[in-house]
Amino acid sequence: MAAGGLLLGMGARASAACQLLQTAEYKLTMDSNRALVDGAINRRPVRFILDTGAFNSLLFPSAVQQLGLKAFVIDQLSLYGVGGGAQAASARIGELKLGNAVARNVDLLVNGRNFGSEQAAGLLGEDFLSQGDLELDLAGGAARLFQPKDCVGDQVAYWAKAYDVTPMVGSQSRGEVDIYVMLNGRRILAELDSGSPTSIVTTGAAAIAGVTPHSDGVREAGQSGGLGPKMVQTSVAVFPTFTIGDETIKNAKLEIADLFAADTEVPLGSRLAVKVVSTPQMLLGADFIQAHRIYIARSQEKVYFSYNGGPIFQVQGPSAEETPTPRPSLKP
């Protein structure tokens, strides 16, 4: 992998300066609000969707066929996402290239369908992206991995004098980037999900925030899909306030959907379907991520971010005017 270093200001320990050692950089191309990473499989060019919401990287079955690979079903393994689950398979890749890194004899999962850019062969998930601290600079066309040394605070937000920070929630062993946000003053669990083109609130979280299908101003918006085989019905509503850290967006227009209703199985000996995975209450998608520069400090279990400017949430149709009113902390 490409390596580089950045020497920053003194941290809490006066004996050493913070160093961000860059271990990888992925150049990004945006297509239909999908961040695409260039790569190659067996020397044939491919693109992957950069997906912080995917635990595993994978290939779509259509790409396996196009690339002339063989997929082998993995017994008793299903993968779940928006729209339910499907039987998983695996394919052996002789050579996989991402950025300047090359790996050989790589086994990738095969699952799902191409639910986004027609250019994409699959997803680049957290098994790759959680190998260090991750900077998301979608507006600048790059994602970067760092190994920080002697960095114990806000030195990692190296690009900005004004920034905000929020703690990550729960165990980081599975790679999810979960944080708490406030929707109409009510706390909900959100996942930073670059694989979702827009930010979406679950119907349960919307109800907690006081918005139901019968609330004034709620309108149907069509259908949305994800990794699973089923489509989900979406609606749109304006939420008076959305807050993350000290940044508050007034009149935030957001999609609402029962995203994970199909993520269930019926256990042997039972007739009742049960949820098979834990799920967030909101997805902070590529629209939110493009409007910010973000540093996921796994080493500190914190997320640093600064507002780039422009619209934060992207939903089609007329609404009240979205008004971002960030109140960032300042570096000394």
Side-chain angles (χ1 to χ4, degrees), residues 2-28 30 33 35 50 52 129-130 132-169 172 177-182 190-194 199 241-252 284-314 321-332:
L6 181 63
L7 185 66
L8 303 176
M10 301 300 288
R13 291 179 292 173
S15 60
C18 168
Q19 297 181 66
L20 291 180
L21 305 177
Q22 182 176 307
T23 58
E25 179 173 273
Y26 302 115
K27 298 297 184 182
L28 304 178
M30 298 304 296
N33 249 27
L50 185 84
T52 58
L129 303 176
S130 64
D133 286 2
L134 175 65
E135 179 190 350
L136 296 172
D137 181 15
L138 269 60
R144 304 176 183 93
L145 282 172
F146 291 96
Q147 292 294 337
K149 181 180 180 181
D150 297 318
C151 301
V152 296
D154 64 0
Q155 310 102 321
V156 297
Y158 63 89
W159 64 86
K161 292 183 178 180
Y163 70 97
D164 211 333
V165 62
T166 189
M168 297 173 69
V169 178
Q172 305 309 310
V177 186
D178 289 342
I179 56 178
Y180 283 123
V181 300
M182 303 292 288
E191 182 174 286
L192 201 64
D193 184 0
S194 62
S199 299
T241 61
F242 168 88
T243 300
I244 175 171
D246 287 326
E247 180 180 291
T248 295
I249 297 98
K250 296 181 179 178
N251 298 323
L284 283 176
D287 53 353
F288 176 88
I289 297 171
Q290 284 186 88
H292 297 82
R293 191 161 174 176
I294 298 172
Y295 187 96
I296 301 169
R298 298 185 187 279
S299 55
Q300 303 177 29
E301 297 190 349
K302 296 178 181 178
V303 176
Y304 294 85
F305 57 98
S306 61
Y307 175 51
N308 290 332
I312 293 177
F313 299 120
Q314 299 176 21
E321 182 179 358
E322 179 189 89
T323 311
T325 56
R327 303 191 305 277
S329 305
L330 295 176
K331 288 187 178 181

Verdict with reasoning, Leu28 to Asp137, per side-chain contact (heavy atoms from CB on, under 4.5 Å):
CA-CA 9 Å; Leu28 304 178; Asp137 181 15; over 6 Å; no

Examine distances only and state if a side-chain atom of [X] and a backbone atom of [Y] form a donor-acceptor pair shorter than 3.5 Å.
| X | Y | value |
| --- | --- | --- |
| Asp178 | Val169 | no |
| Thr52 | Ser194 | yes |
| Gln300 | Gly153 | yes |
| Asp164 | Phe305 | no |
| Asp133 | Tyr295 | no |

Pairwise distance [atom1]([X]) to [atom2]([Y]) - rounded to 0.5 angstrom:
| X | Y | atom1 | atom2 | answer |
| --- | --- | --- | --- | --- |
| Ile296 | Leu134 | CD1 | CG | 4.5 Å |
| Leu284 | Glu191 | CG | CD | 9.5 Å |
| Arg298 | Ser130 | CZ | OG | 5.0 Å |
| Ile289 | Asp287 | CD1 | CG | 8.0 Å |
| Cys151 | Phe146 | SG | CZ | 10.0 Å |

Could you pull out all residues at least two apart from [X] that satisfy side-chain hydrogen bond (donor to acceptor under 3.5 Å, both in side chains)?
| X | answer |
| --- | --- |
| Ser306 | Trp159 |
| Thr241 | none |
| Gln290 | Asn33 |
| Asp193 | none |

Audit row: Tyr158, Glu135, side-chain contact (heavy atoms from CB on, under 4.5 Å) steps and yes/no:
CA-CA 11 Å; Tyr158 63 89; Glu135 179 190 350; 2.6 Å; yes

Which of Val181, Val303, Ile312 passes side-chain contact (heavy atoms from CB on, under 4.5 Å) with Ile244? It is Val181

For Arg293 and Asn308, what are the C-alpha separation, side-chain angles and deciding distance, and is it a side-chain contact (heavy atoms from CB on, under 4.5 Å)?
CA-CA 7 Å; Arg293 191 161 174 176; Asn308 290 332; 4.0 Å; yes

Scan side-chain atoms only and decide if Gln155 and Tyr304 contain a donor-acceptor pair under the 3.5 Å cut-off.
no

Could you walk me through whether Met168 and Val177 satisfy the side-chain contact (heavy atoms from CB on, under 4.5 Å) test, starting with their C-alpha distance in whole Å, then the side-chain angles of each, then the deciding distance to 0.1 Å, before giving a yes or no?
CA-CA 7 Å; Met168 297 173 69; Val177 186; 4.2 Å; yes

In terms of ring plane angle, is the pair Phe288 and Phe313 parallel, tilted or perpendicular, where the classes change at 30° and 60°?
parallel

